[in-house]
Peer 1: 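Right, I'll just put the structure down here and ask away after.
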Amino acid sequence: MEFNIKSGSPEKQRVACVMVGVYESRKLTFAADLLDRISNGFISDVIRHGDMEGKLGSTLVLHSVPHTLCDRVMLVGLGKEREFRAKEYREAVRASVKALTQTSASEAVSYLSELTVKKHDVEWMIEQATVVTLDALYRFDRFKSKQDESAREPRKLTLAVPRRSDLADGEKGLQRGLAIGNGMKLAKDLGNLPGNVCTPSYLADEGRKVADAFGGEAEILGPKEIAELGMHSFLSVAKGSSEEARLIVLKHQGAKDKSDKPIVLVGKGITFDSGGISLKPGEGMDEMKYDMCGAATVLGAFRAAVEMNLPLNIVAIVPTCENMPAGNAVKPGDIVTSMSGQTIEVLNTDAEGRLILCDALTYAERFNPATVVDVATLTGACVIALGHIATGLYSNQDSLARELLAAGEEVADRAWHMPLWDEYQEQLKSPFADMANIGGRPGGSITAACFLSRFAKAYDWAHLDIAGTAWKGGKEKGATARPVPLLVQFLQDRADIALGNVVRRGRPRREAPEVADDEQD
Ligand code: BES
Ligand code: MN
Ligand code: ZN
C-alpha cells in the first residue's frame, strides 16, 4: 500500500473515504466538526440518533454526506477526550484501518493523524499511524491457493497533518514508520514460515539479503567453521538434525567513527524445537516453528535500523539450527564444552536455546561491544510468569534495563524487569560439569537467564525472554514481530545520545500553542 502526507480540509477531499474522529459525549474533533458544519449538521444528527457514541475503537461508515467531495465518511470513536493518549490513538487508528478493509474504498484520507496526543509531535503521530496501519493490514497468505476475500487492502492511505508547515516532519515520521513496518513484516514473515521452508540456511540467505539491500556486511558460518571456533555447545543442539547449523553475522557501520563500540543484537534461531531426545508432547508442537522469533526480530530490527541509516555501529548475531531427536542427537547426561571453555551437563535437551546462545554470547566479545542484547523464545516459565503481555527483561546493568524498559514503554511494546540474583545461580549446580543446563521448575525463566549471564560477564548485557510475546495463538494466530518496536526505539535512543541530542522521550511538540482553527488550509 502507498502512503501519503497531506494538509488540507476534509470536505475538499475527492476520495473514496475520509476518516475523522469522534469523542464520547458527542464531542467532535476539528475535522469532524468541519464536515458537520459544511453538511448542515449531518454528522451531529447521526450521533444524536445514537448510532455512533464515540466509544474507543467503534466505527461507522456514512455515505453521501452533503456538500463533501468524498464517497464516504468514516466516523471513528476515540473514547473520552480526557483519556485520549498514545494507547487510545493507536487503537483508534487500528480500528479505522480494519473497518476500511471491510469497505470497497481503495483510497482514504485519515484525519486521525492530525489529532493531538499529549507530549507527542507530528512526526510521532505519523510514524505511529504508519506502523499501526502496516501491522493491522499484515496477512500471511503465501501458502493459500486462493486469496482471502473477507478483507481488502486499500491501495492508498493519506495521513493528514494539521498545517502545511508540518509536512516535512510528517514525511520524516512516515519514513521512520515505513522502516519499522518493513522490519516488523520481515520478522512476522520469517516467524510464520513453516519449519520446512524457514531452515537455518534459509534464515542465513534472508540475513544476507538484508545486508546486501542496505550496504551492510554479512558473514555466514557453517558447521565446520562453527566447530573451529569451539562452539561445541551450539553444535550439540544441531547434531540430531539433517539441516546444517549456521552462524549469521551482520554488520552495519553507521557511526561517524567506524571504531565506535557496536551494539550487538543476538537472536535465538531454533527453526524447529521438537525438544530433541527430551521430546515435547505432540499437542501444539507445530508452534515450535516460532522458536526462531528471537532471530527474526533481531533481523527485523537490524533491517529497520539500516533502512533508517541510524548513526550507530550495529552487529546482529544469529545462531540457528533445528533441535531434533536422532540416533546421533545429544542425550540427557551428555557433557559439552562451550566456546568459553565452561562445561555444561545437558540434563534436558529441550533447554536448547541457552546452549546455542551461550556460544553466540562468547562470540560477541570479539566485537568489543558497547552493549549486547539477546532476544529469545527461551522458556515456557516466562509465559507462566508474565503471560502474553510483557516480555521478560534481565540485565547485568540496571541502567541498561531502565533504557530498554523506557524504550518499550514509548512504543507500547513493554517489558518487565526480572531479578537476576546470585541466589538463583545455585539451582544450576552440576555434580559433574561447571553447570547444568536446567535449574528445575521454580523460577525457570530466571535460571535460564542466570545460565546466559555466565557467558556475558565481559560487557553490559540484557536478555529479553519473548516466549509469551513473540506470537499469538488462537483465532489470530501468528507472529507479532515483538520486540522489533522496542529494539528500534532503543537503537534510536542510543543514536540520539551519540548525536548529543536529548532522548526524545514522549517527544513533545516543538511549537507549544495548540492548532488554531484559522491555520487550517
Ligand atoms: N522454545 C522453548 C520455550 C518455549 C516454550 C517458548 C513454550 C514458547 C512456548 C524452549 O526451548 C524450551 O523448551 N524450554 C523448556 C526449558 C525446560 C526444559 C527447562 C521449557 O520452557 O519447558
Ligand atoms: Mn526447547
Ligand atoms: Zn526452544
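Along the sequence shown, the residues carry numbers beginning at 1. Just follow the structure's listing: the first ligand is 1, and inside any ligand the first atom is 1.
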Peer 1: Please determine whether D273 has a backbone or side-chain N, O or S atom lying under 2.8 Å from the Mn ion (ligand 2).
Peer 2: yes

Peer 1: Yes or no, since that's all I need: does a protein heavy atom fall within a distance strictly under 4.0 Å of atom 22 (O) of ligand 1?
Peer 2: no

Peer 1: Provide, to 0.1 Å, the distance between atom 20 (C) of ligand 1 and the closest protein heavy atom, together with that atom's residue and name.
Peer 2: G380 N, 3.9 Å

Peer 1: Show the atoms of ligand 1 that are less than 4.0 angstrom away from any heavy atom in I438.
Peer 2: 19 (C)

Peer 1: Taking CZ in R152 as the centre, count heavy atoms belonging to other residues, nucleotides or ligands within less than 6.0 Å. Is the count above 12?
Peer 2: no

Peer 1: Taking 2.8 Å as the cut-off, does an N/O/S atom of K268 lie below it from the Zn ion (ligand 3)?
Peer 2: yes

Peer 1: Do K331 and D334 meet the salt-bridge criterion of a basic N to acidic O distance under 4.0 Å?
Peer 2: yes

Peer 1: Answer yes or no: are there more than 12 heavy-atom neighbours, outside K258 itself, under 6.0 Å from its atom NZ?
Peer 2: yes

Peer 1: Does K280 come within less than 4.0 Å of ligand 1, judged by its heavy atoms?
Peer 2: yes

Peer 1: Going by heavy atoms, is F451 under 4.0 Å from ligand 1?
Peer 2: no

Peer 1: Taking the Zn ion (ligand 3) as the reference point, name the nearest N/O/S atom of E352.
Peer 2: OE2

Peer 1: For the pair S274 and N323, evaluate side chain to side chain donor-acceptor pair (under 3.5 Å) and give the outcome as yes or no after the intermediate values.
Peer 2: CA-CA 6 Å; S274 70; N323 186 22; 5.3 Å; no

Peer 1: Heavy atom of M288 under 4.0 Å from ligand 1?
Peer 2: yes

Peer 1: Please work out the angle at the Zn ion (ligand 3) defined by atom OD2 of D291 on one side and atom OD2 of D273 on the other, rounded to 10°.
Peer 2: 90°

Peer 1: Considering only heavy atoms, which of A467, G294, A351, S274 lies nearest to atom 17 (C) of ligand 1?
Peer 2: A351

Peer 1: Look at atom CZ of F143 and say whether more than 12 heavy atoms of other residues, nucleotides or ligands are closer to it than 6.0 Å.
Peer 2: yes

Peer 1: Below 4.0 Å, non-hydrogen atoms only: which portion of L378 touches ligand 1? Side chain, backbone, both or neither.
Peer 2: backbone

Peer 1: In terms of side-chain geometry, is the basic nitrogen of E83 or R85 positioned less than 4.0 Å from the acidic oxygen of its partner?
Peer 2: no

Peer 1: Closest N/O/S atom of E352 to the Mn ion (ligand 2), by atom name?
Peer 2: OE1

Peer 1: Go through the side-chain N and O atoms of E287 and W471 and say whether any donor and acceptor fall under 3.5 Å apart.
Peer 2: yes

Peer 1: Salt-bridged, K289 to D273, with N to O below 4.0 Å?
Peer 2: no

Peer 1: Closest non-hydrogen protein atom to atom 12 (C) of ligand 1, residue and atom name please, with distance?
Peer 2: D350 O, 3.1 Å

Peer 1: For ligand 1, find out whether one of its N or O atoms is nearer than 3.5 Å to an N or O atom of D291.
Peer 2: yes

Peer 1: In the protein, what heavy atom is nearest to atom 16 (C) of ligand 1, and what distance, to one decimal place, separates them?
Peer 2: R354 NH2, 3.9 Å

Peer 1: Does the distance from a Lys or Arg side-chain N to an Asp or Glu carboxylate O, for E153 and R139, drop under 4.0 Å?
Peer 2: no

Peer 1: Is it true that E206 and K209 make a salt bridge, defined as a side-chain N closer than 4.0 Å to a carboxylate O?
Peer 2: yes

Peer 1: Could you tell me which atoms of ligand 1, counted from 1 in the order shown, lie closer than 4.0 angstrom to a heavy atom of K268?
Peer 2: 1 (N), 10 (C), 11 (O)

Peer 1: Can an N, O or S atom be found in D350 less than 2.8 Å away from the Zn ion (ligand 3)?
Peer 2: no

Peer 1: Going by an N to O cut-off under 4.0 Å, is there a salt bridge joining K268 and E352?
Peer 2: yes

